[in-house]
There are 2 protein chains.
Amino acid sequence: MAANPVTAIVGAGLVGSGWALVFARAGCQVQIFDPDEATRSRLLPWVRQSADELQTVGLITEADAVVARIQLCDTLEEALDGAAYVQESVFETVPTKTQASLAIDAAMGPDTIVGSSSSGIPASHFTSDCRNRERFLIAHPVNPPHLVPVVELVPAPWTDENAVTWTRELMDRVGQVPVQVTREIDGFILNRLQGALLNEAWALYDEGYASLADIDATISHGLGLRWSFMGPFETIDLNAPEGIADYSARLGGMYHQMAMQRTARAWPEKTVERAQQERRQALAAADLAGRRAWRDAMLARLAAFKKANGLGP
Amino acid sequence: MAANPVTAIVGAGLVGSGWALVFARAGCQVQIFDPDEATRSRLLPWVRQSADELQTVGLITEADAVVARIQLCDTLEEALDGAAYVQESVFETVPTKTQASLAIDAAMGPDTIVGSSSSGIPASHFTSDCRNRERFLIAHPVNPPHLVPVVELVPAPWTDENAVTWTRELMDRVGQVPVQVTREIDGFILNRLQGALLNEAWALYDEGYASLADIDATISHGLGLRWSFMGPFETIDLNAPEGIADYSARLGGMYHQMAMQRTARAWPEKTVERAQQERRQALAAADLAGRRAWRDAMLARLAAFKKANGLGP
């Protein structure tokens, strides 16, 4: 791998824009393409502002240099020219991903590797017809990628193992935290864990055990604190005298019991409507965008806090 | 409620000790009792050290005064003398909780309210024979209570609503974050959410989709970052243009699909053994205690970070 591989980004929405910052702040030249004019026009102002925010919290020192490494290209071919890695970040439907993958496939170099930002659709659903499909895999980030470092790497059945290893090394090198998923599964790891917790949260809310805000508080002022720097397994490993097996012996039965009380069901429509009303009272629709910007500002400060305490990259 | 109600703590293990700090740093006189000599001898040195740590990170300014408010009592009666509130924190089995509740019941004042630190057993399982059972409820903290502020309040069917309201006000006043659970359910809210996520994590590990460390990383470098300052509902409310109903319409089907792929089952024994080995390679048994101290030091810094950014009490 070159010291700072040239990277291409296809799709300049929120996810693609965040990726541009990830690679550029690590020293890589970034060539980004999006066919949509409105999206293109938002990119560089957003990059400028976000780079300044990263500098303000101390996560980067040379915002100007970072911004200068990001080049908005007029065509897909121009973006892919000389790129060792492509981060595909187009809209997440099978047809859109398929079309983008085929276009990338036609323009990519003989050693180029392509990671898709897909958050739940496995690569086999949209790369099967690619000539170079053994160099396509999933590299799923959390939004926004420049503030939340985890990246799930998920190979399709035909993905070359070396492509996975290479991408893992790239992600390590640019300061992300790659997670290796051994084979395809709907939702990968991250959204399956989120989904399991959400399904239980919806059931508790639906049955009237607590308000939306109070259920949120059990995480944001409770479980989420430890989970922001140690995972669920390390958490329980420290929560019994002899570690994780001891914890499982003590509490596994209780958790099994709870699981048996539940059957899979869709999130109830009326309850979702009630939740929407409860949320819009807590936060008006007009304030959603502002709250998202606030969230990202807090994530930037949290990233700086974790870095300063040796808890994150 | 008096400005700083006198509080009694029954059980001076890790949970009871943390509660002592919670009430003492808020200005309350704390009277704590434990019949076990070894536990008694550990209390005051631990309180001293922990108060100093809180002062170091800026969460309190007068460690000496906080320590001075905590009085180790020789009998239960002495501890309860003049107490407006009792935090019962004895070992979590039904017989032990029952015995402690009856002893408190016999010694408590005519207006005293009793909260139990029980993490999953509802109060109706161990307070039914108490003379004053309408003044007993669950006040479940996360360990350690002085660093993780959430407290689940769960009434038994016979608990007086005023006792719940009073305890909620007390918890607010001492800087905890009370969460109101409307009625009893095994595991309450917090451990049901934790259990749902753990059940899925065990299944993914058991089926070989990822290593223990990589599953942990999806939380500690991914989902856990947002969850450390906003709950799961607010998280998804911000993750779709029109809010939580929009998110549910887009992704509810995917999460339902995932849930249907799972059936409730016990955490598989052999997999737990494998996890124990993987964890002990990452962290030797001899280092567990040190890592717990490190975790608590990080939680203290995180609490200070959240306070400084208006994210927590």
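Per chain, numbering begins at 1; letters A, B, ... match sequence-line order. Quantities reported herein were computed from a predicted structural model and do not represent experimental measurements.
Only the backbone of Ala240(A) comes within contact range of chain B, with heavy atoms under 4.5 Å apart. If you measure heavy-atom distances from Asn199(B) to chain A, the contacts under 4.5 Å come from the side chain alone. In this structure, chain A has a heavy atom under 4.5 Å from the backbone of Glu242(B), while its side chain stays farther away. Interface remark: Ala245(A) contributes backbone and side-chain atoms alike to the contact with chain B (heavy atom separation under 4.5 Å). With a 4.5 angstrom heavy-atom cutoff, Glu152(A) touches chain B only via side-chain atoms. Contacts of Leu299(A) with chain B are made by both backbone and side-chain atoms, with heavy-atom separations under 4.5 Å. Proximity to chain A (any heavy atom under 4.5 Å) is shown, for Leu302(B), by both the backbone and the side chain. Residue Leu198(A) touches chain B through its side chain alone, counting heavy-atom pairs closer than 4.5 Å. Within the 4.5 angstrom heavy-atom criterion, only side-chain atoms of Arg262(B), from C-beta onward, approach chain A. Val181(A) touches chain B through backbone and side chain together, each having a heavy atom under 4.5 Å away. With a 4.5 Å cut-off on non-hydrogen atoms, Val142(A) touches chain B through its side chain but not through its backbone. Neither the backbone nor the side chain of Glu273(B) comes within contact range of chain A, judged by heavy atoms closer than 4.5 Å. Using a 4.5 Å cut-off between heavy atoms, Pro141(B) makes no contact with chain A at all. For Leu311(B), the parts sitting under 4.5 Å from any heavy atom of chain A are the backbone and the side chain alike. Looking at Met254(A), only its side chain comes within 4.5 Å of chain B, counting heavy atoms on both sides. For a residue to count as touching a neighbouring chain, one of its non-hydrogen atoms must lie under 4.5 Å from one of that chain's; by this rule Ala297(B) does not touch chain A.
At least one donor-acceptor pair closer than 3.5 Å links the side chain of Lys306(A) to the backbone N or O of Ser228(A). Using modelled atom types, no side-chain atom of Asn191(A) and backbone atom of Gly120(A) make a donor-acceptor pair closer than 3.5 Å. Within the 3.5 Å criterion, the main-chain N or O of Pro313(A) finds no donor-acceptor partner in the side chain of Gln176(A). Remark: the backbone N or O of Glu92(A) is not paired with any side-chain donor or acceptor of Thr96(A) at under 3.5 angstrom. Counting only distance, with no hydrogens or angles, the side chain of Glu200(B) and the backbone of Leu193(A) share no donor-acceptor pair below 3.5 Å. In this structure, the side chain of Thr182(A) engages the main chain of Gly208(B) through a donor-acceptor pair within 3.5 Å.
The most heavy-atom pairs under 4.5 Å with chain B, out of Met260(A), Met230(A), Glu269(A), come from Met230(A). Interface remark: of the candidates Ala289(B), Ala285(B), Ala217(B), Ala217(B) forms the most heavy-atom pairs closer than 4.5 Å to chain A. For chain A, the option among Arg280(B), Glu278(B), Glu207(B) with the highest count of heavy-atom pairs below 4.5 Å is Arg280(B). Ranking Ala275(A), Gly222(A), Ala210(A) against chain B, the residue ahead of the rest is Gly222(A), based on heavy-atom pairs under 4.5 Å. Your options are Glu184(B), Gln257(B), Gln276(B), and the one with the most heavy-atom pairs under 4.5 Å with chain A is Gln276(B). If you tally non-hydrogen atom pairs under 4.5 Å between each of Ala203(A), Gly252(A), Pro149(A) and chain B, the highest count goes to Pro149(A). Annotation: maximal heavy-atom pairing with chain B below 4.5 Å, among Ala213(A), Ser248(A), Gly312(A), occurs at Ser248(A). For the options Val148(A), Val272(A), Leu238(A), heavy-atom pairs under 4.5 Å to chain B are most numerous at Leu238(A). Contact count versus chain B (heavy atoms, under 4.5 Å) is highest, among Val154(A), Ile236(A), Leu147(A), Leu14(A), for Ile236(A).
A salt bridge does not link Asp296(B) with Arg292(B): every distance from a Lys NZ or Arg NE/NH1/NH2 to an Asp or Glu carboxylate oxygen is 4.0 Å or more. Glu234(B) and Arg291(A) are joined by a salt bridge, as a carboxylate oxygen and a charged side-chain nitrogen come within less than 4.0 angstrom of each other. Under the 4.0 Å criterion applied to side-chain N and carboxylate O atoms, Arg265(B) and Asp206(B) are assigned as salt-bridge partners. We find that Asp287(B) and Arg295(B) are not joined by a salt bridge, their nearest charged nitrogen and carboxylate oxygen being 4.0 Å or further apart.
For the pair Arg274(A) and Tyr205(A), the cation sits on the ring face: its NZ or CZ lies under 6.0 Å from the ring centre, inside 45° of the axis. Both the sub-6.0 Å distance and the 45° axial angle are not jointly satisfied by Arg279(A) relative to the ring of Phe233(B).
Between Ser119(A) atom OG and Gln194(A) atom CD the span is 9.5 Å, to the nearest 0.5 Å.
For the side chain to side chain contact (heavy atoms under 4.5 Å, CB included) with Trp227(A), the lone residue among Leu223(B), Ile219(B), Leu225(B) that qualifies is Ile219(B).
Between the side chains of Ser117(A) and Trp19(A), at least one donor N or O lies within less than 3.5 Å of an accepting N or O.
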